[in-house]
Structure formats: C-alpha cells, structure tokens
Amino acid sequence: PAYNEAQRIEACLTSFQENDYPEQNLQVFVVDDGSTDNTRQIVDNHAYGDLITQDHKGKVAALNKAYDKATHDILVVADADTTVDEDFLKRVTAPFQNADVGAVSGAVTPKQNKTGFLHWFQTVEYYYNNLIRNGISTVFTTDIWFFGCIAAYRRSALEDINGFPAESLTEDMDIVMRMRRHDWKT
C-alpha cells in the first residue's frame with residue numbers, strides 16, 4: 001500500500017526487484033491509496049509492479065484490493081517505505097514449506113539516515129517490537145507479535161479469516177490472532 005510515498009516508493013520497488021527470487025513466482029502490485037503527490041507517476045515509470053488505484057480508503061482496503069487481484073498462494077505485503085535485503089523473498093517464503101504456517105513476518109530495522117522525533121520514536125518502537133517478538137517466539141514457539149509493514153500470508157489462511165480485517169486499526173496483530181484461532185501457525 002502507498003499513500004503519498006513519492007519520497008520512498010522507488011527504493012521499495014527497487015529492493016524487491018533486486019531480490020534473488022524466480023520471477024515466474026511473483027506478481028507485484030502497488031496499491032495507491034489516493035495519493036495527492038506523484039506516487040502514481042513514479043510507480044508507472046518504474047519497470048516493476050502493476051499499479052492499482054483507489055480513493056483514499058486506508059491500508060486495509062488497499063491490502064484487500066491487492067489480495068483480490070493476486071493469484072499466487074503466498075502473498076507478501078510491504079509498506080511503501082519498506083526496503084528489503086536481496087534474499088528477503090527466499091527467507092520469508094521458506095517457512096511456508098510447512099503446510100500449517102499461515103503467516104510470517106520479517107524483522108524490521110529502521111534506516112539510520114532519517115532524523116527527527118518521529119524517526120526516533122519509530123526506531124525505539126521497532127527495536128522494542130523486535131525484542132518482544134523474539135522473546136514471545138522463543139518462549140511460546142509462535143509469533144503473535146507481528147510486523148504488518150513487511151509480512152507474508154498463505155492465501156488459504158487469509159480465506160479462513162475472510163481476508164484482511166476492515167474493522168481493525170491493527171490489522172497485523174488482528175490477522176495473527178484470527179489465524180491462531182483457526183489453528184494456523186504464525
């Protein structure tokens with residue numbers, strides 16, 4: 001999903017394009033959530049990803065729009081300000097070899113070249129969440145502390161919970177809790 005992400009969307013697309021992953025196994029969609037900057041033009045000019053547009057309805061509506069268009073069994077979602085390492089797609093999809101896995105989340109590390117209070121707050125939040133996530137995963141052998149900014153979902157698990165929950169403000173945590181109730185591992 002992207003809303004007014006002209007400053008960051010190209011880096012996101014390029015990082016996914018540079019992934020070492022079989023192209024025939026990929027469908028890349030960028031859902032522009034009614035941006036008023038030139039996000040759409042940047043995506044149109046980039047050779048990677050199909051642009052889907054919608055009026056400004058929010059992240060969950062954008063996720064569901066891409067979910068409806070996608071045909072592959074594993075859906076990887078990323079916020080437009082997220083960049084990934086070149087082996088990310090291989091690493092995030094590997095756990096799905098276990099048929100019981102419904103969702104996987106990547107660890108998030110903020111870019112160090114940003115400044116300001118918001119970046120400082122986000123940095124603390126991400127490091128704290130990584131710490132909590134690792135602790136919960138180790139103790140309970142499951143991951144209920146989830147990063148929705150970079151995650152992968154099994155289509156059949158999303159179908160079990162009726163897609164991304166429109167009524168939720170924290171769709172990432174809500175999805176995982178719903179999947180756990182349907183006996184999916186996360």
Verify the cluster assignment for [X] and [Y]: are they in a single hydrophobic cluster under the rule of side-chain heavy atoms below 4.5 Å apart?
X: Leu13; Y: Val31; value: no
X: Ile52; Y: Phe164; value: no
X: Ile9; Y: Leu51; value: yes
X: Phe29; Y: Leu75; value: no

Taking all non-hydrogen atoms of both residues into account, name the closest pair between [X] and [Y] and its distance.
X: Gly58; Y: Asp33; value: N-OD2, 2.9 Å
X: Val92; Y: Ala152; value: CG2-CB, 3.9 Å
X: Leu158; Y: Tyr153; value: CD1-CB, 3.6 Å
X: Asn4; Y: Ser35; value: N-OG, 2.7 Å
X: Val30; Y: Ala2; value: CG1-CB, 4.4 Å
X: Ala80; Y: Glu5; value: CB-CG, 3.4 Å

Pairs touching residues 55-75 that satisfy ring-ring contact (aromatic ring centres under 6.0 Å, His included), sequence neighbours left out: Tyr3-His56
Greater than 12 external heavy atoms within 6.0 Å of Glu23's CD: no
Gln17 atom CD: more than 12 heavy-atom contacts under 6.0 Å: yes
Flag, side chain of [X] to backbone of [Y], donor-acceptor distance under 3.5 Å:
X: Asn98; Y: Asp100; value: yes
X: Thr39; Y: Ala6; value: yes
X: Gln27; Y: Thr71; value: yes
X: Lys57; Y: Gly34; value: no
X: Asp20; Y: Glu86; value: no
X: Asn19; Y: Asp85; value: yes

Side-chain contact, heavy-atom cut-off 4.5 Å: [X] with [Y]?
X: Phe16; Y: Val28; result: no
X: Ile175; Y: Pro165; result: yes
X: Val43; Y: Asp32; result: no
X: Ile150; Y: Phe88; result: yes

Worked check of side chain to side chain contact (heavy atoms under 4.5 Å, CB included) between Thr93 and Tyr21: CA-CA 10 Å; Thr93 57; Tyr21 198 78; 3.6 Å; yes
Pairwise distance NE2(His182) to OG(Ser156) - rounded to 0.5 angstrom: 11.5 Å
Value rounded to 0.5 Å, distance of CZ in Arg155 from CD1 in Ile74: 10.0 Å
Arg40/Asp44 ion pair, N-O < 4.0 Å: no
Short N-O contact, Asp79 and Lys59, less than 4.0 angstrom: yes
Test side chain to side chain contact (heavy atoms under 4.5 Å, CB included) applied to Met179 and Ile161, step by step: CA-CA 7 Å; Met179 284 186 180; Ile161 64 166; 4.2 Å; yes
Member of Leu89, Leu26, Val104 meeting the side chain to side chain contact (heavy atoms under 4.5 Å, CB included) criterion with Val76: Leu89
